[in-house]
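This report concerns only the one structure given below.
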There are 2 protein chains.
Amino acid sequence: MRYIVGVDIGGTNIVVGTVAEDGSVVHGVRSVPTQSEEGPQAVLGRIARQVQSSIAEAERSAGVTRGMIVGVGIGSPGPLDREKGLVLLTPNLGWTNLPLRDLVSEAVGLPATLDNDANCAIYGEWWVGAARGARYVVGLTIGTGIGGGIVIDGQIYHGTSDVAGEFGHTTIDSTGRLCKCGNYGCLEAYASGPAIAARAAEGIAAGVATRLPELVGGDLSKITAQTVYEAAQANDDFALEVVRDTAKFLGAGIGNLVNIFNPDVVVISGGVTLAGDRLFVPLRAEVQRRAFKPAVERCRIVPGDLPGTAGVVGAVATFKNQMWGDI
Amino acid sequence: MRYIVGVDIGGTNIVVGTVAEDGSVVHGVRSVPTQSEEGPQAVLGRIARQVQSSIAEAERSAGVTRGMIVGVGIGSPGPLDREKGLVLLTPNLGWTNLPLRDLVSEAVGLPATLDNDANCAIYGEWWVGAARGARYVVGLTIGTGIGGGIVIDGQIYHGTSDVAGEFGHTTIDSTGRLCKCGNYGCLEAYASGPAIAARAAEGIAAGVATRLPELVGGDLSKITAQTVYEAAQANDDFALEVVRDTAKFLGAGIGNLVNIFNPDVVVISGGVTLAGDRLFVPLRAEVQRRAFKPAVERCRIVPGDLPGTAGVVGAVATFKNQMWGDI
């Protein structure tokens, strides 16, 4: 058995793990703050240290030897130039034209590959997760932003310049909320974590009855999407409404994807899955209302199976695919 | 040189032509009213007669011999079961579970294939038209309805049950106009031919100044999208506004497709292309405003090159692909 190290770079955390080449097990999972404000050299150093630390634990705990480690798969926010291994521009991380792939490869002394972080997460779910083996997969990663990925016949669909799958920036209300991207009415402007928190805060500002302020000690700036899910779990009426509204917005966006792709599976990863059935039940109902019956009937809409490690596992799958041409 | 007959079945007309296997020429183009109200047998008889008539003209005018005709490619409204050659359900034609492929094949004594009409039109544009040779193509056919098709690496993307590409039924305003499909805010509810006419009629009912009523002898029920384009051509302010609004709606829908597919080309066929630059210039501007720069920069948005015959030519391309595995 060979092993590949997966690196999932996010705006908040870097997650690293040492993955068996068949995807069956992840050793030495590490999660450290990205702290991108310290600049790319500092982040690169952190990545290299976590890769070594993860390998060391795999050696200690699972009898993996150094010679069994064959490479590093990296998932990073984009847009990217995959062929050259460059991160072209990441507003969240402040990187421009960073040759991330080769820098990581040199730092750890292993061959490396690069792909988009959302693509990696969906690819991980296709490889060994909730969309395992499905032929047509679309996926959304819903957290601080909304990323997306498309897997067709076991291959990530990248489009002509590696920027396909930006489902968060599809319009569901053409004259709606202003999105950070400059467009109006993007799905992300309604259903990302911060958008869910913003809608909750707006309701509170308008005077609705809710226990949400109590949960954050009265400091409304501390309300997050997770606060909303917790309040919904405790049957707070307004929090339940915010979750149902989220399901409606997501249902419009996902209904579009169902009518466009006629997929076998829509897999949803990220923080939003913490809302559980309170989100997924009305979400499926909304997609059913909006999309064509023959497409809806054939499509499962499911949460990811690999919370926390989908990106790491998927980065390893993209390594296999890019280096060996199969998976 | 071998020849294949293409059959493009629409709600209004059936178009037939005899196409050289390299797509270079179409002989004996025929267009007859579908008259689906007479039932499937009558329509099948019409298709068979037009196929024979088209072949006969190809023989007369171009020295094609009977032995050079190797099959019939059929494009039909769906949803379809391609493998079985069935039209599952077409509200416009009133067909249910019709074994169209085999019925046509028997009627004309030639092997036949079946695919969705919009897929065929886009495939024709990819094969020998405005999207010729492009790797990632999305297309829209905008007429009575809005159909769509996806071509990736020279293959039509069908999805898991042959209903992919329903771009007309993607939501651009989640609480917007009711669409015939039962959903709210579909692109088709704003930008199809009848929707364009309906928006014009609403403006007239609200008392705007326009010469549109003159163009239809005062009978507002006679206003069509084409009337609107003619008035816009004559610089009627309100008609120009209706066209610009159409560009905005289409721009939202196509901006979504650009962010989702990162395509090389978006090709638009059908009646709406008659609006010309008055539509395409503001449409491109709207997509540029809405979609990501690295995706927009790489994407041409163009009218189809094969008005009237894209469906016929594309049905022939699907025949080649289904029967011979290449094209």
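Lettering follows sequence order; numbering is per chain, from 1. Quick caveat, the model's predicted, so the values are computed rather than measured.
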Among the listed options A:C181, A:A252, A:C186, A:P294, the residue most often paired with chain B at heavy-atom distances under 4.5 Å: A:P294
Non-hydrogen atoms of chain B under 4.5 Å away: do they reach the side chain of A:I152, the backbone, both or neither? side chain
How long is the span from the CG atom in A:L187 to the CG atom in B:N256, to the nearest 0.5 Å? 9.5 Å
Euclidean distance, B:T170 OG1 relative to A:N259 CG, rounded to 0.5 Å: 8.0 Å
Quick one: what part of A:L88 sits under 4.5 Å from any heavy atom of chain B, side chain, backbone, both or neither? neither
Please check if atom CD in B:E83 has more than 12 non-hydrogen atoms from other residues, nucleotides or ligands closer than 6.0 Å. no
Between A:V258, A:T175, A:I260, which has the largest tally of heavy atom pairs under 4.5 Å with chain B? A:I260
Given A:F292, A:Y184, A:F167, A:F249, the one with more heavy-atom pairs under 4.5 angstrom with chain B than any other is A:F292
Under 4.5 Å from any heavy atom of chain B, what part of A:F261 do you find: side chain, backbone, both or neither? both
Shortest non-hydrogen contact from B:N262 to A:A164? CB-N, 3.6 Å
Please flag which part of A:R290 lies under 4.5 Å from any non-hydrogen atom of chain B: side chain, backbone, both or neither. both
Need one label for A:P263: side chain, backbone, both or neither, based on atoms under 4.5 Å from any heavy atom in chain B. backbone
